[in-house]
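Letters A, B, ... are given to chains in the order of the sequence lines, protein chains preceding strands, and every chain is numbered from 1.
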Amino acid sequence: MKIVFLGTPSFAVPSLNALIASRHEVLAVVCQPDKKVGREQKVVFSPVKELALKKGIKVLQYEKIRRDGVEELRSLGADLMVSCAYGQILSQEIIDIAPHGIINVHGSLLPKYRGAAPIQQAVIDGETETGITIMQTDVGIDSGDILSVVKTPIYEKETAGELFDRLSLLGADLLLETIDKIENGTIKPVKQDENKATHVSMIKKQDGLIDWNNTATQIFNKVRGMNPWPVAFTYINGKLLKFFDCEVFGCNFEDNAVCGEIVKCDYNFGIIVKCGKGYLKLNRLQEEGGKQLSANDFVSGRKLSVGSILQ
RNA sequence: CGCGGAGUAGAGCAGUCUGGCAGCUCGUCGGGCUCAUAACCCGGAGGUCGUGUGGUUCGAAUCCCACCUCCGCAA
């Protein structure tokens with residue numbers, strides 16, 4: 001089939017790669033406009049754009065696809081459009097361009113976790129299973145009929161980033177299977193159960209702030225869900241303190257510590273923080289202006305001591 | 001010209017303001033103690049203090065200048 005691919009971040013790269021390697025023809029790739037990124041405000045191409053350029057595929061970028069893209073997309077003459085973490089809301093006019101419409105690769109088991117950050121949110125919620133759903137895009141947000149699903153467990157210590165990588169590969173496989181079925185007409189679209197639908201919004205940097213009144217398990221899940229972005233953070237002595245890795249600490253201590261107080265801080269225990277319920281052991285930390293350090297390295301600089309309070 | 005922090009032993013840091021012997025914790029190596037040790041005691045090795053055939057000075061890790069690199073915020 002002749003396919004137009006809509007996608008932007010690294011999550012979409014395996015799917016695009018799979019399409020390029022398949023017998024299908026990728027006519028063009030549509031992704032978000034280039035943005036200035038980082039301290040130096042350099043313009044960086046998105047991962048999907050990088051791949052498309054490398055493979056010599058036409059790249060289209062619209063400020064607003066519904067306004068600027070319709071005519072050009074129509075002129076390409078695609079049989080099918082595939083979207084995967086593209087980042088813009090589509091209109092009926094665009095959905096109608098290709099005979100087979102648009103199918104979307106989504107990182108959750110729909111109708112659960114519709115919206116922008118399904119993978120992170122599933123980890124934050126402590127879910128033990130998630131997956132990829134491919135659906136027929138309609139004008140709602142991730143509300144179209146389900147075409148195919150693949151499930152996968154969320155491992156106990158898995159971060160959102162690791163899950164992202166796994167799901168993006170599963171999505172690529174499922175995408176090719178699904179297109180085959182569309183082609184030979186064996187697909188059976190299933191309506192989503194609106195009563196079970198949940199919606200998650202985009203994760204913001206501020207969402208990484210830790211509330212030490214939460215239970216150790218809740219914080220542990222949040223830290224995993226916020227890794228590698230935006231990364232969980234707290235404050236110590238007025239300075240930003242990020243931490244990338246932690247674990248629930250099983251032992252109980254006799255203490256009168258408040259939530260967020262460091263109750264142990266040495267070579268044997270590591271850094272143990274009191275939570276609303278239970279204790280959390282911090283493994284990799286980074287203070288503002290500093291590098292990412294292991295707990296032992298962090299302690300050896302004497303930045304932390306028993307009684308210090310994170311808030 | 002967006003704002004800010006940092007570069008000192010293998011790791012993490014102090015010392016810089018107020019120029020005057022290169023320090024601390026950990027690791028490492030050797031020895032001691034111990035039934036035992038990621039514990040404790042004693043001793044050692046390990047540094048062009050980011051770079052500069054830069055400036056000031058009797059003397060610079062420290063003050064001034066230029067450059068390189070890393071990081072936090074903002075976007």
Side-chain angles (χ1 to χ4, degrees), chain A residues 7-12 31-50 59 61-65 68 85-89 115-117 120 159-161 164 201-212 219 222-255 260-273 279-311:
Chain A
T8 303
S10 57
F11 184 73
C31 63
Q32 293 275 46
D34 300 330
K35 281 178 183 166
K36 291 176 180 176
V37 169
R39 239 185 313 273
E40 307 299 327
Q41 290 294 285
K42 285 177 185 162
V43 173
V44 175
F45 294 166
S46 68
V48 163
K49 180 172 178 176
E50 288 285 356
V59 175
Q61 294 171 286
Y62 305 111
E63 191 64 40
K64 192 171 181 182
I65 190 171
D68 310 327
Y86 168 53
Q88 290 195 30
I89 296 188
Q120 293 97 321
T159 65
F164 243 97
S201 51
M202 194 151 15
I203 295 208
K204 298 183 292 290
K205 204 153 196 167
Q206 193 58 32
D207 295 331
L209 180 61
I210 293 300
D211 180 355
W212 294 101
I219 295 173
K222 184 164 181 169
V223 170
R224 290 189 298 137
M226 292 295 164
N227 185 330
W229 195 91
V231 181
F233 64 94
T234 185
Y235 291 93
I236 177 156
N237 302 327
K239 284 190 174 176
L240 182 78
L241 178 68
K242 291 181 173 184
F243 50 105
F244 296 79
D245 183 39
C246 65
E247 57 195 272
V248 175
F249 194 70
C251 299
N252 279 315
F253 299 100
E254 301 266 335
D255 65 64
E261 185 169 337
I262 292 171
V263 296
K264 289 284 179 185
C265 178
D266 58 46
Y267 195 88
N268 291 312
F269 286 95
I271 301 168
I272 310 294
V273 184
Y279 299 85
L280 204 66
K281 178 180 177 184
L282 309 185
N283 293 326
R284 289 202 70 79
L285 311 91
Q286 180 177 30
E287 196 177 43
E288 68 180 65
K291 282 188 285 194
Q292 197 181 134
L293 302 174
S294 70
N296 282 342
D297 285 347
F298 201 89
V299 169
S300 72
R302 291 167 170 257
K303 286 178 183 169
L304 284 185
S305 56
V306 172
S308 294
I309 297 186
L310 307 176
Q311 55 193 357

Looking at residues at least two apart in the chain, or sitting in another chain, which of them share a side-chain hydrogen bond (donor to acceptor under 3.5 Å, both in side chains) with [X]?
| X | value |
| --- | --- |
| D68(A) | none |
| T234(A) | W212(A) |
| K281(A) | none |
| Q292(A) | R284(A) |

- Message: Categorize K242(A) for me: base, sugar-phosphate, or nothing, with a 4.0 angstrom heavy-atom threshold over every strand shown.
- Response: sugar-phosphate
Spacing of the [atom1] atoms in [M] and [N] (rounded, Å):
| N | M | atom1 | answer |
| --- | --- | --- | --- |
| G50(B) | G7(B) | C1' | 5 Å |
| C49(B) | A39(B) | P | 33 Å |
| A66(B) | C24(B) | C1' | 33 Å |
| C73(B) | G15(B) | C1' | 28 Å |
| C29(B) | G10(B) | P | 15 Å |
| G27(B) | C68(B) | C1' | 30 Å |
| U37(B) | C13(B) | P | 32 Å |
| G32(B) | A14(B) | P | 37 Å |

- Note on the structure: By side-chain contact (heavy atoms from CB on, under 4.5 Å), V299(A) pairs with (sequence neighbours left out) C265(A), I271(A)
- Could you list the residues that satisfy side-chain contact (heavy atoms from CB on, under 4.5 Å) with Y279(A), not counting sequence neighbours? F249(A), N252(A), F253(A), D255(A), V263(A), I272(A), K274(A)
- Message: Can you tell me how far apart CG (L241(A)) and OG (S308(A)) are? Round to the nearest 0.5 Å.
- Response: 10.5 Å
- Item | Range on RNA chain B touched by chain A, heavy atoms, distance below 4.0 Å | G2(B) to A75(B)
Provide the Watson-Crick or G-U wobble partner of [N], both distances under 3.5 Å; none if there is no partner.
| N | value |
| --- | --- |
| U16(B) | none |
| G4(B) | C71(B) |
| A60(B) | none |

- Item | Within residues 287-300 of chain A, residues whose heavy atoms come under 4.0 Å of RNA chain B | E288(A), G289(A), G290(A), K291(A), L293(A), D297(A), S300(A)
- residues 234-250 of chain A vs salt bridge (charged side-chain N to carboxylate O under 4.0 Å, His left out), sequence neighbours excluded, gives none
- Task: Only one of V231(A), N283(A), I210(A) passes side chain to side chain contact (heavy atoms under 4.5 Å, CB included) with V223(A); say which it is.
- Result: I210(A)
